[in-house]
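In the text below, chain A, chain B and the rest are named by the order of the sequence lines, each starting its count at 1. Not measured: the values here are computed from a predicted model.
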Amino acid sequence: MSIWGELISWYEGNKRDLPWRNTTDAYIIWLSEIILQQTRVEQGMPYFYRFAEKYPTVTHFAAAPEDDILKLWQGLGYYSRGRNMLKTAQLVQQLYGGQFPTSYEQLIKLKGIGEYTAAAISSFSANEVRAVVDGNVYRVLARYFGIDEPINSPKGKKIFQQLADEVMDKQRPALHNQAMMEFGAMLCKPKNPACGICPVHLGCAAFKTNATTYLPVKLKTVKIRKRYFNYLLIMDGEMLLMNKRGESDIWANMYDLPLIETEALIEPAQLFQRHNVKEILGSNMAIKDTSEVIKHVLTHQHLFIQFIILEGQPENLQPNWFYTALDNLENLAMPQRIFIFIKKFFNF
DNA sequence: TTCCCGGCAA
DNA sequence: TTGCCGGGAA
């Protein structure tokens, strides 16, 4: 018995009775697996029943208009799943005469079927020895073996797939895969796992070291914010109007030029139509020139910077604005982009 | 209200 | 790598 024997016993005693678990019909299993991609069982269940009733075989499915599929899919999200299903159903109809394939190699070629789904269908319908690795399996393996390799890096994915293959109960692939996933969904949950009643907690690395909260490790996908910086270049005689930055944003406490940030790229002329800008600058300023838009890439933000050269004096200086002599510019700490522009502009 | 979760395709 | 979607938890 593999180390997961306990798990399979637990599964057999505690599994939910789900409709797609009582069949080896690859079409029905495919239907359920696609619906359950990125989707909770409770949410997918009613959809599964509707699809299975309306399209009892892949031949029925293949004959459906796309509009009907999408209508039935409505509310499930990730609508490309529905569109891909139709393509796959039609292909299965053509290539295999409506006999849904059960081998991993055939399945993986179909639209909307990736490694996970191919492993699931082939193991459930034909007991092919293919270890499924879904979100549940990542979690169970990371915790049980105490692996802190990120599960969403290419390297991590490879490691976890290999491990899953290695520890798989090869005598009963379908049962093993079901057990792993059910266990992850019911006991080894993302938050507050039920270690107290876990059948394998004694062998679990994360349980022993109290690390379930930290495993699995997932790389944060830093979402990049786009920001649009409109810098104003304003002179008073030989003095340049500068801005001292606050401490809550990038370039904290450094110096740059008076800045008007917008949610999108904007023409300087448009910018000056804005109520809040008018209020600060008044009506005595004219646009003399505008620089190219410079893209400045930071880890978590992309800045689109343009410099607007103005003539005249603003009516209201903001609290952090001040005039300084040009020969003092060398002494002020500025972001490199700003410094380069100013240096070039004043030719020093 | 925001955050987190999750397979596949391009 | 990023976009695709909706639901449930925080």
Exercise for the section: Would you tell me if any nitrogen or oxygen in the side chain of A/Y79 comes within less than 4.0 Å of OP1 or OP2 on C/dG6? Expected result: yes

Problem - Given DNA chain C, 5'-ward residue of the pair A/G77 and A/K191, judged by closest heavy atom - result: A/G77

Exercise for the section: Assign each of A/K157 and A/Q74 to its nearest nucleotide of DNA chain C by heavy atoms, then name whichever residue's nucleotide is nearer the 5' end. Expected result: A/K157

Fill in the blank from the handout: A/L215 atom CG is separated from B/dC5 atom C1', nearest whole Å, by 17 Å

Completion exercise
The single option from A/L232, A/L233, A/I287 that satisfies side chain to side chain contact (heavy atoms under 4.5 Å, CB included) with A/I309 is A/L233

Exercise for the section: For A/L110, answer base if it contacts any base atom (sugar-phosphate contacts may also be present), sugar-phosphate if it contacts only those atoms, and nothing otherwise; contact means non-hydrogen atoms under 4.0 Å. Expected result: sugar-phosphate

Handout entry: Any donor-acceptor N or O pair under 3.5 Å, side chains A/R81, A/N84
Key = no

Exercise for the section: Treating Ile, Leu, Val, Met, Phe, Trp and Tyr as nodes and any side-chain heavy-atom pair under 4.5 angstrom as an edge, say whether A/M235 and A/I260 lie in one connected cluster. Expected result: no

Practice task
Mind checking A/R139 for me? I need base, sugar-phosphate or nothing, with any heavy atom below 4.0 Å counting as a touch.
Solution key: sugar-phosphate

Exercise for the section: Output the rest of the hydrophobic cluster of A/I108: all Ile, Leu, Val, Met, Phe, Trp and Tyr residues reachable through side-chain heavy-atom contacts under 4.5 Å, sorted by chain and number. Expected result: A/Y104

Exercise for the section: Take the protein atom CG of A/L76 and the nucleotide atom C1' of C/dC4, then report the distance between them rounded to whole Å. Expected result: 13 Å

Exercise for the section: Classify the nucleic acid contact of A/E42 as base, sugar-phosphate or nothing, counting any heavy atom under 4.0 Å across all strands shown. Expected result: nothing

Practice task
Report whether A/I35 and A/Y55 are members of the same hydrophobic cluster (ILVMFWY, side-chain heavy atoms less than 4.5 Å apart, transitive linking).
Solution key: yes

Practice task
State the CD1-OH distance between A/I305 and A/Y228, to the nearest 0.5 angstrom.
Solution key: 12.5 Å

Handout entry: Nearest-angstrom distance from the residue atom CG of A/N84 to C1' of C/dC5
Key = 15 Å

Practice task
Select base, sugar-phosphate, or nothing to describe what A/T39 touches, counting heavy atoms under 4.0 Å on all strands.
Solution key: nothing

Exercise for the section: Please work out if A/K218 contacts a base, only the sugar-phosphate, or nothing of the nucleic acid, heavy-atom cut-off 4.0 Å. Expected result: sugar-phosphate

Handout entry: Value in whole Å for how far the C1' atom of B/dC8 lies from CG of A/D134
Key = 14 Å

Exercise for the section: Using only heavy-atom distances, decide whether a donor-acceptor pair under 3.5 angstrom links the side-chain of A/Q38 to the base of B/dG6. Expected result: yes

Exercise for the section: Could you pick out which residue, A/K111 or A/L36, lies toward the 5' side of DNA chain B when each is mapped onto its nearest nucleotide? Expected result: A/L36

Exercise for the section: Counting heavy atoms from C-beta on, name the nucleotide in C/dG6, C/dC4, B/dC8 closest to the side chain of A/Y78. Expected result: C/dC4

Problem - Protein-nucleotide distance (A/R81, atom CZ; C/dG6, atom C1'), rounded to Å - result: 9 Å

Handout entry: Spacing between A/E33 atom CD and B/dG6 atom C1', to the nearest angstrom
Key = 13 Å

Practice task
Mind checking A/Y116 for me? I need base, sugar-phosphate or nothing, with any heavy atom below 4.0 Å counting as a touch.
Solution key: sugar-phosphate

Practice task
Mind calculating the distance between CD (A/E115) and P (B/dG6) to the nearest angstrom?
Solution key: 17 Å

Practice task
Report the distance from atom CD1 of A/I151 to atom C1' of B/dC4, rounded to the nearest whole Å.
Solution key: 12 Å

Exercise for the section: Using the closest heavy atom to pick a nucleotide of DNA chain B for each, name whichever of A/N136 or A/I113 lands nearer the 5' end. Expected result: A/N136

